[in-house]
Amino acid sequence: MIKELDKDFTSLNEYISQIDPSKIFILVDENTHDHCLPILLPNLETDAPFEVIEIEAGEENKNIETATQLWEIFSEMEADRKSLLINLGGGVITDMGGFVASTYKRGFKFINVPTTLLSMCDASIGGKTGIDHQYLKNIIGTFALPEAIFFYPKFLETLKFEELRSGFAEMLKHGLIADSNHWNDLSSLFKITPEAIAPFINRSMEIKNEVVTKDFKEENVRKILNFGHTIGHAVESLFLKKGNLIPHGEAVALGMICETHLALLCGLIDVEVSSTIISKIQRFFPYIDISEFKNGAIIDLMFNDKKNQDGNINFSLINGIGSCVFDQKLNVEQIILTLDFYKNINVN
């Protein structure tokens with residue numbers, strides 16, 4: 001169930017009343033504690049006892065140490081399988097919260113209240129939960145669907161521009177893989193603002209949910225959601241290892257540029273389509289300098305990607321605007337050509 005919240009959060013309160021939880025835990029980071037919790041709490045109507053649990057913000061804290069702390073808190077506060085966890089935050093909170101709830105006592109209910117564009121359109125939907133380990137993104141996790149997702153577009157007004165732009169990358173991806181009209185609408189925007197994006201959030205959420213509904217465990221068509229992520233995640237992991245984090249959406253934008261070029265090399269799209277897509281992505285996103293990373297280091301991380309099988313690097317590549325194919329096996333030479341293409345794309 002995905003519902004947009006009204007100003008009184010009526011649908012959230014009705015849901016909580018229906019399931020009648022024994023306890024409620026609200027997971028936040030310092031950002032959502034300061035900016036979003038003051039909006040949620042005055043509108044929360046429940047007789048169930050509740051506790052607010054705050055963790056440090058940032059991808060660098062999405063790890064086993066934080067997960068262990070949360071499990072210990074659940075134990076100390078006597079969480080049981082009738083408890084409810086409300087994940088109030090961005091992708092780190094929904095990934096982490098879903099993971100700890102789905103594993104503690106073999107699982108108790110959780111819902112997502114995404115507060116960033118990235119979590120509204122991507123991370124909160126689809127039941128992928130997880131943590132990073134040894135700089136590998138989401139390498140440990142579960143498939144566990146939230147009981148419900150409640151989104152409140154006004155939370156976007158609390159975001160910095162860079163966070164808004166980060167989520168916009170996933171929206172562009174949805175258009176490229178599944179809906180050319182969505183891509184055209186988004187890529188034609190003059191600038192990225194909460195007001196400009198708001199009319200298109202529902203469609204992005206629908207695309208993600210439609211794909212996930214067809215293939216929950218990512219055995220076939222769900223793989224198209226990985227477009228831009230095979231190279232993007234590898235680069236993001238290298239920056240994470242350096243302690244110099246880049247926004248997830250900027251890594252995905254880089255990945256989409258590279259993987260659009262790979263689609264061209266494979267003959268799936270022509271030069272005109274490739275150039276159009278790349279130039280439109282460049283209009284919204286800054287160039288990320290990856291010249292310090294050797295191609296071999298990036299490719300090694302790609303081989304470690306959890307979506308690979310039988311020692312092959314599997315890509316999902318567009319074969320037109322609004323269409324995508326999965327399980328595309330490419331050789332290392334093609335990947336090197338693409339990484340070199342990207343490293344030189346900003347050279348005048």
Side-chain angles (χ1 to χ4, degrees), residues 27-30 53-75 85 87 89-108 110 112 116 118-119 122-146 166 170 216-219 222-223 225-226 228-252 254-255 290 292-294 296-315:
L27 182 64
V28 298
D29 61 24
E30 60 262 38
I53 305 172
E54 181 179 336
I55 63 174
E56 292 184 37
E59 185 77 24
E60 64 271 29
N61 297 303
K62 197 176 82 174
N63 53 38
I64 192 66
E65 289 78 18
T66 306
T68 300
Q69 290 170 11
L70 290 171
W71 288 322
E72 289 172 354
I73 290 170
F74 291 155
S75 180
L85 177 65
N87 295 316
V92 171
I93 290 291
T94 57
D95 283 358
M96 170 72 73
F99 175 66
V100 295
S102 67
T103 48
Y104 185 76
K105 292 190 175 179
R106 295 197 175 95
F108 65 91
F110 68 95
N112 292 332
T116 67
L118 182 64
S119 58
D122 186 61
S124 70
I125 304 170
K128 280 186 177 181
T129 79
I131 57 175
D132 305 335
H133 185 60
Q134 294 180 339
Y135 310 110
L136 297 173
K137 279 184 62 68
N138 302 321
I139 199 70
I140 299 172
T142 62
F143 283 100
L145 283 168
S166 187
E170 294 286 356
F216 178 53
K217 289 289 184 75
E218 199 172 35
E219 294 172 342
R222 183 172 180 163
K223 295 176 183 179
L225 293 168
N226 297 318
H229 286 64
T230 303
I231 292 177
H233 268 172
V235 170
E236 192 175 1
S237 294
L238 286 171
F239 278 104
L240 180 63
K241 188 174 183 178
K242 275 187 60 186
N244 180 21
L245 276 68
I246 59 172
H248 174 69
E250 292 184 20
V252 170
L254 177 158
I290 59 170
E292 65 183 295
F293 302 128
K294 293 181 179 179
I298 299 173
I299 292 169
D300 284 347
L301 277 173
M302 290 161 61
F303 271 113
N304 230 332
D305 192 289
K306 55 193 172 296
K307 296 175 285 291
N308 292 332
Q309 292 178 336
D310 303 322
N312 294 307
I313 299 177
N314 288 337
F315 283 87

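For reference, positions follow the sequence shown, starting with 1.
- Asp132 is listed as a side-chain neighbour of Leu240, based on a closest heavy-atom distance under 4.5 Å.
- For NZ of Lys294, the number of neighbouring non-hydrogen atoms (other residues, nucleotides, ligands) closer than 6.0 Å is 12 at most.
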Checklist entry - Passes side chain to side chain contact (heavy atoms under 4.5 Å, CB included), Ile313 versus Thr230? Steps please. => result CA-CA 9 Å; Ile313 299 177; Thr230 303; 4.0 Å; yes
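- Across all their heavy atoms, His248 and Leu118 have their closest contact at CD2-CD1, 3.8 Å.
- In this structure, CD1 on Ile231 lies 13.5 Å from CD on Glu236, to the nearest 0.5 angstrom.
- Between Leu254 and Ile290 the shortest heavy-atom distance is CD1-CG2, 3.9 Å.
- Considering all non-hydrogen atoms of both residues, Gly97 and Asn87 come closest at CA-OD1, 3.2 Å.
- Looking at Glu30, its side chain does come within 3.5 Å of a backbone N or O of Ala57 through a donor-acceptor pair.
- Closest of all the heavy-atom pairs between Phe216 and Ala144 is CZ-N, 4.0 Å.
- Not counting sequence neighbours, the partners of Glu59 by the salt bridge (Lys or Arg N to Asp or Glu O under 4.0 Å) test are Lys62, Lys137.
- Heavy-atom minimum distance, Thr142 versus Ser102: OG1-OG, 2.8 Å.
- Looking only at atom types and distance, the side chain of Glu170 has a donor-acceptor partner in the side chain of His229 under 3.5 Å away.
- Take Ser75 and apply the side-chain contact (heavy atoms from CB on, under 4.5 Å) test, not counting sequence neighbours, and it matches Tyr104.
- Counting heavy atoms from C-beta on, the side chains of Thr129 and Thr103 never come closer than 4.5 Å.
- Scanning both residues, Ile298 and Ala234, for their nearest heavy atoms gives O-CB, 3.7 Å.
- Qualifying side-chain contact (heavy atoms from CB on, under 4.5 Å) partners for Ser124, counting only residues two or more places apart in sequence or in other chains: Thr94, Asn112, Pro114, Ile149.
- Here the straight-line distance linking atom CZ of Phe143 with atom CZ of Arg222 works out to 5.5 Å at 0.5 Å rounding.
- In this structure the side chain of Phe303 reaches within 4.5 angstrom of the side chain of Ile299, judged on heavy atoms.
- Separating the CZ atom in Phe110 from the CZ atom in Phe99 is a distance of 11.5 Å, to the nearest 0.5 Å.
- In terms of the side chain to side chain donor-acceptor pair (under 3.5 Å) criterion, Ser166 has no residue partners (sequence neighbours excluded).
- Looking at residues two or more places apart in sequence or on another chain, you find a side-chain contact (heavy atoms from CB on, under 4.5 Å) between Thr66 and Ile55, Asn61, Asn63, Leu70, Met96.
- With sequence neighbours left out, Lys242 forms a side-chain contact (heavy atoms from CB on, under 4.5 Å) with Asn244, Glu292, Phe293.
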